[in-house]
Amino acid sequence: MYIYSATDIRAWDEYTILHEPITSIDLMERASQACAEWLQQYQQQTTTGFVIFCGKGNNGGDGLAIARLLAESDHPVTVYILEFGHKGTEDFQTNLARLHGSKAVIKFIPAEENIPALTAGDIIIDALLGSGLNRPLEGLTAKVVKHINQSGLEVIAIDIPSGLMVDSSSIGNTVITAQHTLSFQCYKPAFLVAENESFVGHLHILDIGLHPNFPLEHPAANRWINQALVQSIIKPRNKFAHKGTYGHAAIIAGSQGMMGAATLSAKACLRSGAGKLTTHIPAVGYTIMQIAVPEAMTYTAGKEYIELAVDLGKYDAIGAGPGWAQHDTHKALLESIFQQTTKALILDADALNTMAQHQQLLERLPRHTIITPHPKEFERLFGKSANDFDRIQLALKKAAHFKIIIVLKGRYTLVATPDGLAYFNSTGNPGMATGGSGDVLTGIITGLAAQGYTPSEAAIAGVFLHGLAGDLAAAYTSQESLIASDLVEYLGDAFHQLVL
Ligand SMILES: NC(=O)C1=CN([C@@H]2O[C@H](COP(=O)(O)OP(=O)(O)OC[C@H]3O[C@@H](n4cnc5c(N)ncnc54)[C@H](OP(=O)(O)O)[C@@H]3O)[C@@H](O)[C@H]2O)[C@H](O)CC1
Ligand SMILES: [K+]
């Protein structure tokens, strides 16, 4: 599934109108019906009043149609139309004429003194501006939005909270703060960044039946990692398989006091289907690893810190960094890993911090190395970004420059590939913001890469399965109680959910 820009969404609209075919006003009616149905499901008491703020574009047109549909279902509805000094789009005008025949009360806001007082218990519908927004809100529009935000009432935004840019940062702008956003057909870039979380609230993507052929003909660089995509990647296991069929992985991890990171990575790697695993750890962790992960072979080098890794050329995938801590031997260790890597390499945690301190190492990264930074590690590596949109662009730029895959961890983890594609993960929950969660992800991706999945495939499927295991675990233990070991335990259930 693609994540389209505002321009692409407009094109999909027009494509549907032309090829379904359907008139523009009927498409608006379909979108509005989907919203009205959602709203009635959400608020079944017909005594609940809806106050609908409309602009004069098609977002406002949606608002007027929703007003008529709710009024027809006996909800008290008051509509406030913000005067922009023009007549409004054709579909806006058609819906205004249709609304005049309904029970809805229609009022206009030509000036500040007409901004209405809002009544406790009402639900506000925001249909002021949608995907046509092309500049920050100002003047009367900004005043209305601030008034709505200050009311403390529940706000439900249609398509996108008014004032929020679809494709770029809205930091510092006046934006509707919605508790729910009902958007159409597909995710938009604005919904995927942490900086917009407080505006969007709970997001609901409503199917309004835009033409299914459009995505086939218009691939986009921004993509959604969902079950269908991951199912197309993960292959069923071969009936005549033996442990050699599924690759030999190595996990280079751990230090005194941080052997948990190493064992979590190791377990996750095995639970993701790697045929064989050898762990490279410091001597201090030998007994811990042998007891915690009896399935793994163990090789030790260094006493409290892992110092040297030898004979790495034989591995199909190497995961390095979990639980290393900071130590001056790690630069040489990384150089040696880079030299010996023949296939896939996954770097996390202190391997990334070591690279951040010795930036020249970045230039020597083997092609298609996967790095899995969280935003702070990303910043240490590549510098600060003014906003989340810039950070995504920077990740794509660095992925292309170094020919690596960057897994930038967050609510919608980004997988940025060297060929300029940005995949956003759909699974996961805040319960996973807990120590060891990243070590499990490194293990999963290493385990998948060892089996022969390409680095991009391993990263995409890895983040999805990691998040899905987290969702399944949280459903059982709660988000609060979720610990990283649960992610390993629920990986099996996550694989079960893929119909292979
Ligand atoms: N496929 C779909 O998703 C469907 C979407 N629908 C709805 O249509 C809107 C998009 O409608 P559109 O008319 O293109 O845009 P808006 O309603 O958001 O904006 C209208 C005009 O407002 C002006 N504008 C832009 N920024 C500002 C601002 N800061 N302040 C005031 N005015 C602003 C701009 O015109 P200008 O000439 O002034 O530049 C806009 O053109 C979408 O969001 C959905 O709700 C369809 O109903 C169904 C299919
Ligand atoms: K809106």
Side-chain angles (χ1 to χ4, degrees), residues 2-18 20 22-36 52-66 69 80-95 109 124-145 148-149 155-168 170 173-188 190-191 196 199-201 203-212 214-215 218:
Y2 299 122
I3 296 158
Y4 282 126
S5 65
T7 310
D8 289 338
I9 293 163
R10 201 162 308 125
W12 197 357
D13 235 352
E14 283 159 15
Y15 185 99
T16 305
I17 290 167
L18 190 68
E20 188 174 324
I22 182 172
T23 58
S24 164
I25 189 76
D26 284 347
L27 184 58
M28 184 177 277
E29 190 68 13
R30 206 151 76 191
S32 305
Q33 266 164 0
C35 293
I52 308 189
F53 286 87
C54 298
K56 289 186 138 183
N58 286 343
N59 193 249
D62 290 345
L64 298 177
I66 292 166
L69 294 166
Y80 289 96
I81 297 169
L82 188 57
E83 273 300 352
F84 289 103
H86 55 75
K87 283 198 305 183
T89 59
E90 209 180 316
D91 292 343
F92 169 90
Q93 291 178 53
T94 306
N95 266 314
I109 309 179
I124 311 291
I125 307 289
D126 158 41
L128 287 167
L129 287 154
S131 57
L133 184 86
N134 53 27
R135 56 190 182 274
L137 303 184
E138 53 185 25
L140 187 56
T141 319
K143 287 199 171 112
V144 170
V145 165
I148 293 172
N149 287 346
V155 181
I156 300 176
I158 303 304
D159 203 22
I160 184 164
S162 296
L164 201 62
M165 299 285 185
V166 174
D167 303 315
S168 58
S170 306
N173 296 352
T174 302
V175 179
I176 280 283
T177 303
Q179 277 70 49
H180 294 274
T181 295
L182 312 183
S183 197
F184 301 137
Q185 206 69 36
C186 63
Y187 287 81
K188 279 121 211 170
F191 301 149
N196 288 342
F199 303 126
V200 177
L203 177 65
H204 313 271
I205 303 292
L206 308 182
D207 186 350
I208 61 163
L210 293 185
H211 203 292
F214 181 84
H218 300 83

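Each ligand, and each atom within it, is numbered from 1 in the order the structure gives. For reference, positions follow the sequence shown, starting with 1.
- Between the side chain of Thr181 and the backbone N or O of Ala157 there is no donor-acceptor pair closer than 3.5 Å.
- With hydrogens and angles ignored, the 3.5 Å screen pairs a side-chain donor or acceptor of Asp167 with a backbone N or O of Ala6.
- Protein heavy atoms all stay at least 4.0 Å away from atom 37 (O) of ligand 1.
- Across the listed options Arg135, Lys56, Glu14, Arg10, Arg135 owns the non-hydrogen atom lying nearest to atom 27 (C) of ligand 1.
- Put simply, the residue from Ile148, Ile125, Val145 that forms a side chain to side chain contact (heavy atoms under 4.5 Å, CB included) with Val155 is Ile148.
- With hydrogens left out, the protein atom closest to atom 31 (C) of ligand 1 is Phe84 CE2, 3.5 Å, a heavy atom.
- The protein heavy atom nearest to atom 21 (C) of ligand 1 is Leu129 CD2, 4.4 Å.
- The angle subtended at the K ion (ligand 2) by OG of Ser162 and O of Asp126 is 100°, given to the nearest 10°.
- The heavy atom nearest to atom 44 (C) of ligand 1, out of those in Leu82, Asn58, Asp62, is found in Asp62.
- Counting the atoms of ligand 1 from 1 in the order shown, those under 4.0 Å from a heavy atom of Met28 are 47 (O).
- No part of Trp12 comes within 4.0 Å of ligand 1, judged by heavy-atom distances.
- Taking every heavy atom of both residues into account, Ile109 and Leu140 meet most closely at O-CD2, 3.6 Å.
- In terms of N/O distances under 3.5 Å, ligand 1 is approached by Asn59.
- The distance criterion of under 3.5 Å between nitrogen or oxygen atoms is met by Gly130 with respect to ligand 1.
- Taking backbone and side chain together, Leu129 holds an N, O or S atom under 3.4 Å from the K ion (ligand 2).
- Under 3.5 Å, the side chains of Asp91 and Thr94 contain no donor-acceptor pair of N or O atoms.
- Of the protein's non-hydrogen atoms, the one nearest atom 14 (O) of ligand 1 is Gly132 CA, 4.0 Å.
- The closest donor-acceptor contact from the side chain of Gln185 to the backbone of Ile208 lies under 3.5 Å.
- Residue side and main chain included, Ile160 places an N/O/S atom under 3.4 Å of the K ion (ligand 2).
- Every atom of ligand 1 is numbered from 1 in the order shown, and the set under 4.0 Å from a heavy atom of Asn134 is 25 (C), 26 (N), 34 (C), 39 (O).
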Verdict with supporting geometry, Glu29 and Asn95, side-chain contact (heavy atoms from CB on, under 4.5 Å):
CA-CA 9 Å; Glu29 190 68 13; Asn95 266 314; 4.2 Å; yes
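- Between the side chain of Lys56 and the backbone N or O of His86 there is at least one donor-acceptor pair closer than 3.5 Å.
- The shortest contact between atom 10 (C) of ligand 1 and any protein heavy atom is with Ser131 OG, 3.4 Å.
- Side chains of Thr89 and Asn58: a donor on one and an acceptor on the other come within 3.5 Å.
- Looking at Asn196, its side chain does come within 3.5 Å of a backbone N or O of Ala190 through a donor-acceptor pair.
- Residue-ligand proximity, Gly57 to ligand 1, at heavy-atom distances under 4.0 Å covers atoms 13 (O), 17 (O), 20 (C).
- The contact set between ligand 1 and Ile9, taken as ligand atoms under 4.0 Å from a residue heavy atom, comprises 3 (O).
- Ligand 1 is approached by Pro136 to a heavy-atom distance shorter than 4.0 Å.
- Closest heavy-atom contact between Leu203 and Ser183: CD1-CB, 4.3 Å.
- The shortest non-hydrogen separation linking Leu27 to Ile22 is N-CD1, 3.7 Å.
- Here the two rings, on Phe214 and Tyr4, have centers that are under 6.0 Å apart.
- Of the heavy atoms in Asp159, only side-chain atoms (C-beta onward) come closer than 4.0 Å to ligand 1.
- Residue-ligand proximity: Leu210 is placed with a non-hydrogen atom under 4.0 Å from ligand 1.
- Residue, atom and distance of the protein heavy atom nearest to atom 49 (C) of ligand 1 are Asp13 OD1, 3.2 Å.
- Among the atoms of Ile158, an N, O or S atom is found under 3.4 Å from the K ion (ligand 2).
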